[in-house]
S.K.: 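This is the structure, below, for whatever I ask next.
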Amino acid sequence: MDIEKRIEELKEEINRANYLYYVKDMPTISDERYDKLMRELEKLEAENPELATDDSPTKRVGSEVRSELPPHEHKSPMLSLANAFSEDELRDFDRRCRKLLGLDEKEPIEYMCEPKLDGLAVSLEYSGGVLRAGATRGDGSVGEDITPNVRTIRTVPLRIHRAEDIDVRGEVIITYKDFETLNERREISGEPTFANCRNAAAGSLRQLDSKITAERKLTMFAYAVGDKNMFPSQSELLKALADLGFNVSPHNRLAMGIDEVIKYVNDWAETRETLEYDTDGMVIKVNDAARQIEIGELSRSPRWAIAYKYPPKTIETTLNDITVQVGRTGVLTPVAELEPVRIGGVTVSRATLHNQSEITRKDIRVGDTVVVRRAGEVIPEVVEVVTSKRKPDSEPYRIPHTCPVCGAPAERRNDEAVLRCTGVNCPAKLKERVRHFASRAALDIEGFGASVAEKSVDSGLVATLVDIYNLTTDKILTLDKMAEKSAANLKAAIEKSKSAPLHRLIFALGIPNIGEKTARILAEKYLSMDALSQAPEEDLAEIDDVGPVTAESVRRFFDDPKTAELIAELKKAGVNMTAEKTEAAEGYFAGKTVVFTGSMTLMTRQEAKEIVTKQGGKATDSVSKNTDLVVAGENAGSKLEKANKLGVKVITEEEFAALLGDKEDEPESDGIQGTLF
Ligand code: IVH
């Protein structure tokens with residue numbers, strides 16, 4: 001097996017899964033499969049360090065998620081919970097707590113049992129009785145600011161009868177019914193559907209436009225506050241939240257001792273099936289706050305609480321057919337077409353079968369009775385075949401070696417697990433390429449989503465990427481369900497995309513292995529598409545963050561005569577092919593790393609960061625010994641503390657603004673005055 005190829009393949013699959021999960025809130029593979037792929041990649045990279053390029057998903061640190069929403073620093077960290085998967089593990093948890101509290105065998109601990117709601121955790125900051133800010137959990141210290149969005153949720157009180165500051169934490173969820181209605185609407189309008197309720201809730205909340213959030217029917221349940229010392233016990237905390245007007249789960253119960261907890265957990269296993277929303281477990285918390293403090297916390301999760309997870313729900317159904325989907329790079333993916341069944345409150349009718357070797361391993365055949373599983377966070381999966389119910393005339397499934405869309409032969413490249421369509425003009429591949437080209441992270445053509453991409457290819461209006469620029473308003477109007485106003489807007493968006501920065505165009509081309517970050521690096525280094533397309537492989541391979549695998553991939557892409565033709569046509573259509581040299585080495589912040597923390601009042605954080613970047617510096621989100629400067633806005637918290645501890649230079653937002661001088665009045669002079677460094 002060619003290791004380099006396999007690494008490339010793994011990176012591609014993992015990066016795509018990451019993108020769909022984090023950016024699109026739409027998981028495509030199960031957690032188990034994701035972990036398996038990651039482990040394989042880690043192992044191969046450890047054995048072949050020269051192949052471990054910096055664009056590898058294994059190099060991703062923490063859970064920093066790309067987001068266009070402004071960051072929000074939590075006043076106190078938002079913790080997560082350790083999991084228990086069995087009665088034994090619950091008993092272990094009880095034993096640990098008792099040991100830490102020095103209790104003897106006989107003395108039971110009082111626990112609060114709360115359904116574990118499967119949505120998105122939020123923090124709501126109130127001061128003077130008014131809701132001031134709402135944020136997602138993010139990495140626990142910094143989340144995303146979604147204040148306008150949480151204000152649209154009916155169960156989030158905008159005012160409360162409490163003058164003292166309070167951070168209320170809870171879960172935003174969507175009911176099964178609203179989830180299905182939302183997905184039906186999305187299906188009709190050609191938008192991708194959400195895989196589960198949690199993703200639908202997250203996708204609805206993490207919106208730049210709060211009008212979209214307002215259209216979705218979201219609910220919030222409150223279960224915690226930021227300050228542990230505020231209430232004497234969890235039960236009193238929950239009562240206080242209910243009294244303040246928050247929605248608190250009616251299924252929360254006190255239990256005396258772990259036996260009572262286990263009984264409630266088991267009884268609840270049935271009750272939860274009758275609810276209108278997803279719960280994936282039961283959270284068990286030591287009720288007494290003084291005891292919680294005594295037991296303490298590990299870095300990311302408290303030791304006084306645990307999440308019991310119910311086993312994923314499974315159900316039997318019939319496999320009516322296996323269809324094949326074609327992706328952007330031509331990969332053929334077999335899909336199970338199931339007799340629709342309700343599982344965990346949601347109707348399931350399709351599931352991915354990954355590839356031929358998975359099908360062979362599980363010996364899945366059309367007509368089989370199969371066991372389907374849906375864990376809260378995973379799209380449905382065919383676990384196994386009930387062979388005792390197999391029809392005698394069934395035959396093993398073989399994925400066709402021709403593309404179901406264009407009929408061209410499908411091939412396995414080297415030792416790849418997947419088959420790829422070899423058709424040069426395959427409409428399925430084209431649709432995916434067009435969708436990627438126009439997507440937000442690429443050329444950001446607003447209104448050109450999956451459905452328009454599909455229709456424009458199906459209608460024959462778009463046969464190559466450059467045809468996007470040949471679309472006139474009249475042609476757009478011929479597309480199904482296209483209103484005049486939208487057609488005009490779309491045309492304007494297409495025109496606007498011609499002047500997108502070079503790095504976006506490089507990313508939009510869909511060169512294998514080139515993510516957004518590498519595209520940016522290439523644009524900065526070569527400054528034009530012409531220079532990049534002629535760059536020798538050795539030069540490319542020497543760039544930091546690129547490496548030999550990516551270099552080869554770039555070369556292969558540009559050596560293809562079809563690429564040259566496409567680039568020439570895009571150029572003719574007026575698409576920007578150059579970048580301006582950033583005077584990085586000469587700017588005021590040249591080579592410096594700057595962190596902004598706290599809330600900014602004179603400018604937005606985004607604006608401040610841009611000034612630093614434009615002046616040759618790097619604006620990052622976390623403070624370390626490599627940080628050169630911290631700009632502290634109002635209510636700066638843990639980052640400021642850390643900066644002081646590390647002896648990093650700190651200035652106020654006013655001091656930062658003063659550096660910029662009268663730039664506003666004198667746009668020509670970008671010179672910053674001052675002697676900071
Ligand atoms: S308490 C200090 N209570 O589960 C404890 N979390 O795995 C912090 N969740 O991020 C969380 N229902 O999104 C708590 N009743 C509940 C919960 C709950 C759901 C989620 C929450 C959290 C995750 C932890």
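Computed over heavy atoms, backbone and side chain alike; hydrogens, waters and symmetry mates excluded. Along the sequence shown, residues are numbered consecutively beginning with 1. Ligands are counted one by one from 1 in listed order, and the atoms in each one are counted from 1 as well.
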S.K.: Taking R91 first and then D88, would you say they form a salt bridge - that is, a charged N and a carboxylate O separated by under 4.0 Å?
M.R.: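 No, this pair does not count.
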S.K.: Determine whether the side chain, the backbone, both or neither of V283 has a heavy atom under 4.0 Å from any heavy atom of ligand 1.
M.R.: side chain
S.K.: State the atoms of ligand 1, each with its element, that fall below the 4.0 Å cut-off from a heavy-atom position in P302.
M.R.: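 Numbered from 1, ligand 1 contributes 2 (C).
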S.K.: May I ask you to identify the nearest protein heavy atom to atom 22 (C) of ligand 1, giving residue, atom name and distance to one decimal place in Å?
M.R.: Y223 OH, 4.1 Å
S.K.: Is a salt bridge present between R291 and E107, judged by a nitrogen-to-oxygen distance below 4.0 Å?
M.R.: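 So R291 pairs with E107 through a salt bridge.
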S.K.: Within the structure, is a non-hydrogen atom of A305 found at a distance of less than 4.0 Å from ligand 1?
M.R.: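 Judged by the 4.0 Å heavy-atom criterion, A305 does not count as contacting ligand 1.
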S.K.: Quickly, which of D288, N252, N287 forms a side chain to side chain donor-acceptor pair (under 3.5 Å) with S235? Name it, please.
M.R.: N287
S.K.: Should you measure from each heavy atom of P115, which atoms of ligand 1 turn up under 4.0 Å away?
M.R.: 12 (N), 15 (N)
S.K.: For ligand 1, is any non-hydrogen atom under 4.0 Å from A224's backbone (N, CA, C, O), its side chain (CB onward), both, or neither?
M.R.: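 Near ligand 1, A224 shows nothing, with every heavy atom at 4.0 Å or more.
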S.K.: Who passes salt bridge (Lys or Arg N to Asp or Glu O under 4.0 Å) against K177, sequence neighbours left out?
M.R.: none
S.K.: Among all the protein's non-hydrogen atoms, which is closest to atom 13 (O) of ligand 1, and how far away is it?
M.R.: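 The answer is E171 OE1, 2.6 Å.
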S.K.: Taking 4.0 angstrom as the limit and counting only heavy atoms of L79, give me the atoms of ligand 1 inside it, by number and element.
M.R.: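 Answer for ligand 1: 8 (C).
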S.K.: Can you find an N/O atom of L117 closer than 3.5 Å to an N/O atom of ligand 1?
M.R.: yes
S.K.: Which ligand 1 atoms are under 4.0 Å away from a heavy-atom of E114?
M.R.: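 Close to E114: 3 (N), 15 (N), 16 (C).
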S.K.: Tell me whether W304 has any N or O atom under 3.5 angstrom from an N or O of ligand 1.
M.R.: no
S.K.: Regarding E73 and T597, do their side chains bring together a donor and an acceptor under 3.5 Å, going by distance alone?
M.R.: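 The criterion, which ignores hydrogens and geometry beyond distance, is satisfied for T597 and E73.
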S.K.: N/O of K285 under 3.5 Å from N/O of ligand 1, yes or no?
M.R.: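 K285 vs ligand 1: N/O contact under 3.5 Å present.
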S.K.: Nearest protein heavy-atom contact for atom 5 (C) of ligand 1: which residue, which atom, what distance?
M.R.: L81 CD2, 3.7 Å
S.K.: Without hydrogens or angle criteria, can the side chains of E641 and S638 be said to hold a donor-acceptor pair below 3.5 Å?
M.R.: no
S.K.: State whether a side-chain donor-acceptor pair under 3.5 Å links T147 with D145.
M.R.: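 D145 and T147 do have a side-chain donor-acceptor pair below 3.5 Å.
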S.K.: Output all residues satisfying side-chain contact (heavy atoms from CB on, under 4.5 Å) with D94, sequence neighbours left out; order by chain, then residue number.
M.R.: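 Partners of D94 under the side-chain contact (heavy atoms from CB on, under 4.5 Å) test: R98, I109, Y111, I258.
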S.K.: Taking atom CZ as the centre, does R154 end up with more than 12 heavy-atom neighbours from other residues, nucleotides or ligands that are less than 6.0 angstrom away?
M.R.: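 Counting other residues, nucleotides and ligands, CZ of R154 stays at 12 neighbours or fewer.
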S.K.: Using distance alone, determine whether K116 and ligand 1 share an N or O pair under 3.5 Å.
M.R.: yes
